[in-house]
S.K.: 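One structure coming up, written as structure tokens, with questions to follow.
A note on names: the letters A, B, ... follow the listed sequences, proteins ahead of strands, and every chain is numbered from 1. Keep in mind the model is a prediction, meaning the values are calculated, not measured.
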Amino acid sequence: MTDDIPLNWYLYFSAAAFAIGLAGVLLRRNAVAVLLAIEIVLNAANVNLVAFWRYGTPAAGSGPMPGVILALLVIVVAAAEVAVGIGLVLLCHRRWRAVDVDRYDTLSG
Amino acid sequence: MPPNVAPLDLRDFLCVAPAVVLAFWGLVVVGLDLGRFRRLETEARRLACGRATLVGVGLALGSALALAWIDATAQTDAPRLVALFGDSLGEYLARTDGLVFFGTVARGLAVDALNVVFLGLLAMVVWMSTAYRFTDDQGEYYALMLWATVGMMLMAAAEELATLFVALETTTLCLYLATAFERSRRRSPEAGLKFFVYGSVSSALFLYGLSLVYGLTGTTYFDAIGRALRDGGEGLAGNLAGVAALLLMLAGFGFKVSAAPFHQWAPDAYEGAPAPVAAWIASGSKVAGFVAMLKVFAHALGPWSHPSASVMGPGWLGVVAVVATASMTYGNFAALVQTDYKRMLAYSSIAHAGYLLVGVAAASVSADGAASAGAMLYYLIVYALANVGAFAAAVWLARDKGTEAIADLNGLAGRSPLLALAIAVLMLSLVGVPPFAGFFGKLYVFMEALRQGPSDARIVLTWLVAVGLFNSVVSAFYYFRVMKAMYLREPSDPPLRPARSAIALPIAATAALVTVLGVASEPLVDVCRSIAVPMLTASPLESPTD
């Protein structure tokens with residue numbers, strides 16, 4: 001493992017992906033772009049999970065649940081989330097003819 | 001390295017029988033709706049779906065009660081179980097503690113008691129859903145409510161972060177969709193989308209925090225995380241990744257329980273969602289969120305709570321105190337100016353999240369954590385009951401008026417005095433007026449927060465209690481506005497029609513329960529204290545060493 005890429009590089013990469021995703025969520029107004037940004041954040045966490053699994057030592061009593069399995073679970077959850085999200089965006093698009101989250105303004109106060 | 005994983009013990013499914021029954025029954029309801037009920041008139045089909053769902057909830061409740069009986073017998077009279085179920089199954093069931101599914105899910109009396117609470121509340125929510133027609137996709141609606149409850153039950157039972165994450169997502173994904181179900185109105189899809197955007201961002205943040213905790217401790221099991229952190233020593237001081245992980249997980253839970261500043265979705269989602277869905281978001285998902293939060297913060301991350309001597313020093317107690325103060329104050333003051341009944345309840349639920357966070361803070365630093373956690377659970381249960389009843393009144397308004405302004409309740413006392421009295425009881429319980437259960441909930445939570453040894457944590461908690469008491473006074477104003485509308489105003493046109501059982505029963509039952517649980521609060525508090533013990537201590541029976 002000595003010639004491998006160091007763990008830190010993965011962590012910097014995932015932190016950068018996390019920041020990009022978060023900035024996308026906060027700055028983009030298009031609902032589909034927000035969905036994409038959420039996916040980036042989820043995948044940043046996935047990179048973390050797999051990197052920690054590869055380089056870390058499991059704690060005592062950590063059980064048969066290594067990080068790669070968590071990453072697989074997250075991929076499934078992310079797919080379900082996108083399916084639901086796209087459904088909701090379509091529902092709103094039919095009503096407003098717009099996918100900008102700023103335009104949905106029935107509820108406020 | 002070949003994986004050395006023990007095969008799954010199929011008997012473990014017995015321990016989550018209520019969740020299995022509900023998950024299966026969701027499919028049954030969808031199937032019945034598309035098959036047998038398809039030829040019925042819309043109205044008859046709606047009622048048939050609701051009744052079919054109630055049957056499933058009843059079956060799940062039966063299995064939860066049976067499990068509770070088995071787990072209670074296991075503690076007192078284990079040989080009887082062996083005699084009843086045979087050697088292998090009997091001995092398996094007679095294990096009084098421990099975890100199932102490789103240590104990821106808790107079992108035992110505590111889990112059964114919470115499942116009974118969830119299913120009782122769900123039965124009322126399902127029943128009030130049959131009161132009026134807000135969607136034509138009945139089968140899907142009820143199935144989503146059932147599946148959301150499966151997620152909640154597993155979330156409250158989870159003992160491992162990945163299980164918790166998947167259960168949390170199961171709950172929220174179903175609730176996003178259920179929120180958007182009233183498609184005839186603009187506000188419902190909008191509420192669903194806003195709920196979704198805030199919710200999925202915060203679960204992504206939670207997941208990133210989870211990955212950092214996994215990296216720091218090498219495990220995702222609550223008990224193992226707690227042990228790793230205790231051995232780690234110096235706590236959060238100078239630990240940037242630890243601080244980030246903690247704040248990210250707090251953001252995730254803060255969203256789930258609608259604590260400020262992660263609350264922005266709540267008013268919109270409550271106002272836009274169909275009233276029964278809002279009731280379920282406000283009660284069931286909140287109970288599940290707080291139980292999970294208690295486990296993660298008090299059990300797993302407890303060693304990080306305040307390892308240093310200074311008040312706002314490294315440790316999350318100070319952060320939670322700030323969040324609790326912000327939630328209580330913001331929720332109550334924002335609720336004062338609301339005219340929409342459901343929106344007011346949304347801000348009130350933000351405020352109650354603040355009170356409950358005081359309980360979480362107390363449970364994690366107290367010498368007797370289980371007593372504090374028990375007080376919080378009691379508060380949580382009576383709050384959920386009062387809220388379900390309050391939302392049943394919103395169902396009534398939605399059915400007869402189409403809007404849910406507080407002014408729509410005008411003159412209710414003249415038309416149906418008993419139900420107006422019951423709603424008044426629920427409001428008084430939410431304010432925290434004796435002898436109703438809400439008062440004792442606040443009393444126990446605040447007493448436990450004050451019952452600390454002399455330490456810096458005590459100063460923080462005393463301040464929190466002071467803020468909480470001040471806020472209870474503020475909250476009285478907006479709850480009393482509901483009573484003023486019912487008792488002092490002239491009825492508005494068109495008047496509310498008689499409630500019928502689907503609305504009257506949840507209101508009356510919850511009002512009766514908060515009265516009884518308040519007048520005789522000791523039994524439930526004792527139960528809550530005893531079920532809080534395994535929540536804060538549960539560890540795998542055998543820790544694999546290799």
Side-chain angles (χ1 to χ4, degrees), chain A residues 7 11 14-15 18 21-22 25-26 31 34-35 37-42 44-53 55-67 69-71 73-74 76-78 80-85 87-89 91-92 94-96 101 104-109, chain B residues 3-6 102-104 160-163 165-166 169 173 176-177 180 183 185-187 189-197 200-201 203-205 207-212 214-221 223-225 227-228 241 267-269 271-272 337-338 340 343 539-540 543-545:
Chain A
L7 171 64
L11 300 189
S14 99
F18 177 78
L22 202 59
V25 169
L26 296 174
V34 172
L35 269 180
I38 292 168
E39 288 302 296
I40 295 177
V41 178
L42 288 174
N46 265 350
V47 171
N48 258 357
L49 286 171
V50 176
F52 282 134
W53 167 75
Y55 287 87
T57 44
S62 60
M65 200 60 140
I69 306 261
L70 305 196
L73 287 177
V74 172
V76 174
V77 166
E81 207 165 75
V82 168
V84 168
L88 289 170
V89 171
L91 202 57
C92 285
R94 272 191 215 150
R95 286 262 163 184
W96 275 268
V101 278
Y104 310 141
D105 51 4
T106 322
L107 299 160
S108 62
Chain B
N4 52 349
V5 178
F102 307 122
T104 57
E160 194 258 351
L161 283 173
T163 314
F165 178 73
V166 173
E169 285 292 299
L173 284 179
Y176 301 146
L177 288 172
R183 280 191 308 195
R185 308 181 72 159
R186 240 174 175 216
R187 58 180 205 177
E190 181 188 339
L193 188 68
K194 283 183 173 168
F195 190 12
F196 171 80
V197 169
S200 47
V201 170
S203 37
L205 296 184
L207 184 73
Y208 198 80
L210 186 162
S211 74
L212 290 178
Y214 172 68
L216 288 170
T217 61
T219 178
T220 51
Y221 289 82
D223 194 58
I225 292 173
R227 259 182 286 141
D268 289 349
E271 187 183 342
V337 295
Q338 300 305 322
D340 186 282
R343 209 173 173 84
S539 60
S543 305
T545 45

S.K.: Please round to the nearest 0.5 Å and tell me the distance separating atom CG of A/Leu22 and atom CG of B/Leu205.
M.R.: 6.0 Å
S.K.: As an exercise: rank A/Ile38, A/Val41, A/Asn46 by heavy-atom pairs under 4.5 Å with chain B and give me the winner.
M.R.: A/Ile38
S.K.: Which bit of A/Leu35 is near chain B, if near means a heavy-atom gap under 4.5 Å: side chain, backbone, both or neither?
M.R.: side chain
S.K.: If I take atom CZ from residue B/Arg187 and atom CZ from residue A/Arg95, how far apart are they, to the nearest 0.5 angstrom?
M.R.: 12.0 Å
S.K.: Go through B/Glu160 and A/Leu70 one step at a time and tell me if the side chain to side chain contact (heavy atoms under 4.5 Å, CB included) criterion holds.
M.R.: CA-CA 11 Å; B/Glu160 194 258 351; A/Leu70 305 196; 4.3 Å; yes
S.K.: Among B/Ser203, B/Gly272, B/Gly215, B/Ala180, which residue has the highest count of heavy-atom pairs closer than 4.5 Å to chain A?
M.R.: B/Gly215
S.K.: Looking at every heavy atom in both B/Ala162 and A/Leu73, which two are closest together, and how far apart are they?
M.R.: CB-CD1, 4.2 Å
S.K.: Using heavy-atom distances under 4.5 Å, tell me whether A/Val89 contacts chain B through its side chain, its backbone, both, or neither.
M.R.: both
S.K.: When heavy-atom pairs shorter than 4.5 Å are enumerated against chain A, which of B/Ala204, B/Gly209, B/Ala191 gives the highest number?
M.R.: B/Ala204
S.K.: Report yes or no: does B/Tyr214 contribute a side-chain atom to a donor-acceptor pair with the main-chain N or O of A/Gly67 at less than 3.5 Å?
M.R.: yes
S.K.: Given a strict heavy-atom distance threshold of 4.5 Å, which part of B/Leu212 is in contact with chain A: side chain, backbone, both, or neither?
M.R.: both
S.K.: Not counting sequence neighbours, which residues clear ring pair (Phe, Tyr, Trp, His ring centres under 6.0 Å) with A/Phe18? List them please.
M.R.: B/Tyr208
S.K.: Of the non-hydrogen atoms in B/Pro189 and A/Cys92, which two are nearest, and what is the gap between them?
M.R.: O-SG, 3.4 Å
S.K.: So which atom in A/Leu91 and which in B/Arg183 form the shortest heavy-atom distance, rounded to 0.1 Å?
M.R.: CD1-CD, 3.5 Å
S.K.: Calculate, to the nearest 0.5 Å, the distance between atoms CG and CG belonging to A/Asn48 and B/Leu210 respectively.
M.R.: 10.5 Å
S.K.: At a heavy-atom separation under 4.5 Å, does A/Ala78 approach chain B through its side chain, its backbone, both, or neither?
M.R.: neither
